[in-house]
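In what follows, chains are A, B, ... by sequence order, proteins preceding strands, each numbered from 1.
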There are 4 protein chains.
Amino acid sequence: MIQRTYNTRFRLSNSILFSFFVFFCSVSHLSSTSSFAAAATTTNNDKTCTDPTCKMSKPTPSQLVKLPTSEVVELLSGIYEHSAWVAETLVKSSPLFTDNMTKDGTITVSQLAQAMKEIVDGATEEAKLKLLQLHPDLGVKAATLKTLTKESQEEQGKAGLQTMTPEQLTKFTALNDQYKTTFGFPFILAVRNASKETILAALSGRVNRPQHSEFQTAIDQVHKIAWMRLLSKLDCSTDSEGYLTVHVLDTANGIPAANMKITLTKLSPTVEDLGTFVTNHDGRLDVGPALEGAGRRARLGSDSLDMEVGVYEWNFYAGDYFASQGTYANGTPFLDTIPIRFGIDNPDDHYHVPLLVSPWSFSTYRGS
Amino acid sequence: MIQRTYNTRFRLSNSILFSFFVFFCSVSHLSSTSSFAAAATTTNNDKTCTDPTCKMSKPTPSQLVKLPTSEVVELLSGIYEHSAWVAETLVKSSPLFTDNMTKDGTITVSQLAQAMKEIVDGATEEAKLKLLQLHPDLGVKAATLKTLTKESQEEQGKAGLQTMTPEQLTKFTALNDQYKTTFGFPFILAVRNASKETILAALSGRVNRPQHSEFQTAIDQVHKIAWMRLLSKLDCSTDSEGYLTVHVLDTANGIPAANMKITLTKLSPTVEDLGTFVTNHDGRLDVGPALEGAGRRARLGSDSLDMEVGVYEWNFYAGDYFASQGTYANGTPFLDTIPIRFGIDNPDDHYHVPLLVSPWSFSTYRGS
Amino acid sequence: MIQRTYNTRFRLSNSILFSFFVFFCSVSHLSSTSSFAAAATTTNNDKTCTDPTCKMSKPTPSQLVKLPTSEVVELLSGIYEHSAWVAETLVKSSPLFTDNMTKDGTITVSQLAQAMKEIVDGATEEAKLKLLQLHPDLGVKAATLKTLTKESQEEQGKAGLQTMTPEQLTKFTALNDQYKTTFGFPFILAVRNASKETILAALSGRVNRPQHSEFQTAIDQVHKIAWMRLLSKLDCSTDSEGYLTVHVLDTANGIPAANMKITLTKLSPTVEDLGTFVTNHDGRLDVGPALEGAGRRARLGSDSLDMEVGVYEWNFYAGDYFASQGTYANGTPFLDTIPIRFGIDNPDDHYHVPLLVSPWSFSTYRGS
Amino acid sequence: MIQRTYNTRFRLSNSILFSFFVFFCSVSHLSSTSSFAAAATTTNNDKTCTDPTCKMSKPTPSQLVKLPTSEVVELLSGIYEHSAWVAETLVKSSPLFTDNMTKDGTITVSQLAQAMKEIVDGATEEAKLKLLQLHPDLGVKAATLKTLTKESQEEQGKAGLQTMTPEQLTKFTALNDQYKTTFGFPFILAVRNASKETILAALSGRVNRPQHSEFQTAIDQVHKIAWMRLLSKLDCSTDSEGYLTVHVLDTANGIPAANMKITLTKLSPTVEDLGTFVTNHDGRLDVGPALEGAGRRARLGSDSLDMEVGVYEWNFYAGDYFASQGTYANGTPFLDTIPIRFGIDNPDDHYHVPLLVSPWSFSTYRGS
């Protein structure tokens, strides 16, 4: 049974980790002799990377803005598909790079992404249309994948088009052609591990939307891809100001859930047990935030665990809680340990992830 | 990283499986020469058990009522702690055993549990008090565990009292003594894997409740333990009429969530991937119930997977769904794959476990 | 106290009713001698309207398509602001008017709205832009209101711009000018009774959105206005296929809430007590739908109350329910009678409006 | 139409007010010459009561403990049905009355209720049984009502037994007799305005519960009645430390709902519009608590409106909010103004009543 467990869990974890591989472990484009690489090795936060010519080095946002233009452009040229002009404009005109005051302060990845996004949003309709048109056709045959950017190859690799039956592939191709004809740009779906059903549903739905809605959705998807790629190019482990909090309310008794055991696990980019907590009389944690960005920790002198972009999971011991309350007792409780899996996308945001729970129902939401 | 994954997942799964070991794999008390054992081997649903003297055999509820009184009493004597009289009264007076009409029909484990419960509930206050008093003292030293029934040993073994610090143990012992003095019976907490915090919270809370409330809560806990023990003594894999359904509503758009991918995994008693589903236009499954009890399947001639008592987990691909809708797109979605872990306690019930979901919130509940 | 009650309630009700006045009681543009008016009086559903030259008569969608072109165009010319071409194209090219087969069947208001919407969506970018530009400027002075269409006057009349302080008006005007300069069309907000805070929030938010998003949002708002105006021009009391259902789940006990008293009240276009219901063992109504459209009632021969476009309110007696369960008892329950107010916008849709409730929390959603 | 509105609303309000009349306006038992009455008139918070011999005067909890024993006992003798001994024991033995230190501090109604509750909970089983037996039989004929205490008459008066059909009355009487025979005390249901369905459901359900559960439920109902009666005897308008807060989260966009208009209305004991609020950037109110108890206001020097025991209703302008966001636009929104009706039972508690809302769903709960 243990063996089966191992197998099952391995499969699950593997699929999760693989889907994130591109976003957190991509090889830097920096040459090992770059002016940055040397410095970077000292702040390098990749434990498996120790020698000075390590290819895994990534600059922090604050380091990036100090790199030579050529290196920045090389590093960021692929963020927006085949559109190095976005990176070039960024370096040339964004205060993040041109204003020495700003440049010497702390730069967050959100600021960089926002600056690039504004360059794209501020471009002409023609430029935006061209950007969309430069994206690979999701329907293209595997044989033609080699002409895509490395990033697109990795993203397409997981799109599961390969798993389609001939019938599905025919339907997909027809819809995909209709989409291109209708809107004048290829269908862009920035979803990792999309099932073939999801891809078909997306195409079927979006192909019939108004031009203006679909054009904007396509641009939004491009920004999504850019953000994911940007995170993969930078070391976001420092400077971040975000934090994670929790709150548990017992909706069966109308009180905060006190003394409930909670565990926190990081599922990606790496799998780590981050520890066990117990709620206080107000259903919160006495320690304050469970996770905090390095910037915030440094500023407040707190010693929480590091909050990085990735996927996390709370596990709430609700069954024990209600049994201990005398509220509910049953052989196999309908709700016992409740996992809440959530993504942290912006290392500078506050993530409040509460639980409202009775022995028979629960809900969560991104709070504030 | 895979190694760490393995370690992490192994620990998790192991603790889950161990906690259920007692309930689904306990050795039968039947002698290999019993009139039942021979018959049982033919209906034996334990795949690892092939020879006629197999010790793993368990009767189904319908088989149980046909066994010799002595075997039934031997099998059920430990269901209620040190109180064989419950099993004896059951065989003597319950129509399930005395009424040949009933006896020849299909008997469910719920009927058996209900019958035993009614015998206890119908007993005198003195008998109930005695039953409570016969339960082991959770505070008893490990040294004294050997006097407990086998079942209690297993349940106590996981109560985590051993992990208490001397201070906690002192507090626990004081509260436990106060409890016994106040109510006149030992503190009974029918919770598996209770953290020491949970145990202390339960004691601290329940020690101050009114006599009538606590007496009833103690009786309820005893019934809970009895139900868990009864399930562990019987083969519930046939005759059951329960089924599992799902429904997904998109609360961001006020529509059923169509074409959402869902997986179903059994976490205990064994870990199994039960398959992948895709919601239809109404947010439900075209196949109907995802799981059905053997009795229902036979009656309806359906071929769903078997629904047995245990812990299950839906996994809803909400991130893909919303991205495909153009509702929401983001690098690391706040909600991507949403696990909903739930217990099926009664193999004869309908379990409707729906999901109400937006890109930023979700809820579930036991529906109907 | 009763007097104060009267005042309070009168104010509330008055504001609700007034806000709907335009949508349900607008004077028909039909001349009293129209070929339709005579017929209409027989199907006239306005109780206060008895003589044959009644000005309140409105055609049903099915009657509308049989009216002389000139009357249809006159009736629908104001649906899309100053754009009679939409109505003209509708009559000239929509199968609803040109196909005698279709025309002789039952036409729903949704079909009419959809047909007009498609004409607008299918128009050139220039035509759509012109349509937007023809809309009144929300910032225009009261003095200039007389140049607006009657419908716009009524809608503007409730926009609460008049209540702005000079500072707010200055801010509003500045933002409004910026909006027009940025997008090339006036700010359109199809919200009844918008508070000045809402108007300022809308402007402040939308003025900074991407051109494509905002263009589409503006078009959507125009469609919203058109739908509201269309409903106000037609008699939707017949042919409709929609229905209203309810379901109550007790999330404190994980069971359907049986024997809960529920009342249903219509709040607009008129205020009416629609009756009292009691949930059955499954938490639903034995009568089936609480409301049904006339078309559905005729088809099924059911005698439910009529479902018409408007605002309704369930009132759930949750306090009584939980007290009767022995789940919860308290002097002034946190939740006693729970009003759920909801709008029915499409007389042809199924509205499922359930309640998930514990003594301390509840939720509702549009189900299916 | 306005007339119908008036009638409808009047009926509604009237029924609400009537149901609370007993709890907030009962005539004091104090003689106009009591040592207290004179003093009381100076702190009298009943605006309609101006002369020194006013019969409406009620002591605050802090004033009560200083009254002559005879007056206290007279005032509180009916709190527990026909059991003046509770009030007598309170005055004789509770530190609230015997400890001069305590007595000179601020006493809350919760402290008084708790003190009386503890006297009852601490009494012998015989005394508790007698207390239950002293309660009127809900099934008693209207003809016999005059033997009940005034409080019971009022409460029974609303129990809707009179509305039962002969069949229902027969069923009720049979169940009621069965209940008395089974448990040895009359059926006590502390629910105002219970529908006949609720009463029958309560009886049908509770008659079959275990003795210990039902005994405790009956005692809990008696405490509920006592708390309601106690609140009706005292002036709770001063000293209270409770407060009311709100928070609105937009679950469609994963952000706090900023700039949403909210109104607050008191529905009982009197109907009052308490004002309009607008949420800030965090979805909360800049003013802090919307309501605060007099004690808290005095302590903090804040000027919120008074929080008193009663029923309140938030009204959230969600429709305007989402339309202004461009999130959702529709003729008759499914959700427009969302009323959340809730009871404040304890003037010393914090009531957090948030709203989680999308255009298609919402939930609320008692938070912290």
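- To the nearest 0.5 angstrom, A:Phe362 atom CZ is 10.5 Å from B:Phe342 atom CZ.
- At a 4.5 Å heavy-atom cutoff, the contact between A:Thr337 and chain B is made by backbone and side-chain atoms alike.
- Only the backbone of A:Ile344 comes within contact range of chain B, with at least one heavy atom under 4.5 Å from a heavy atom of that chain.
- Within the 4.5 angstrom heavy-atom criterion, atoms from both the backbone and the side chain of B:Thr364 approach chain A.
- In this pair, B:Phe334 and A:Tyr351 present their aromatic rings parallel. The plane angle is below 30°, not in the 30 to 60° band.
- From B:Leu355, atom CG reaches atom OG of A:Ser363 across 11.5 Å, with rounding to the nearest 0.5 Å.
- Highest contact tally toward chain A, considering only B:Arg206, B:Arg209, B:Arg366, is held by B:Arg366 [criterion: heavy-atom pairs under 4.5 Å].
- Of the candidates A:Leu335, A:Ile338, A:Asn315, A:Asn315 is the only one forming a side chain to side chain contact (heavy atoms under 4.5 Å, CB included) with B:Arg341.
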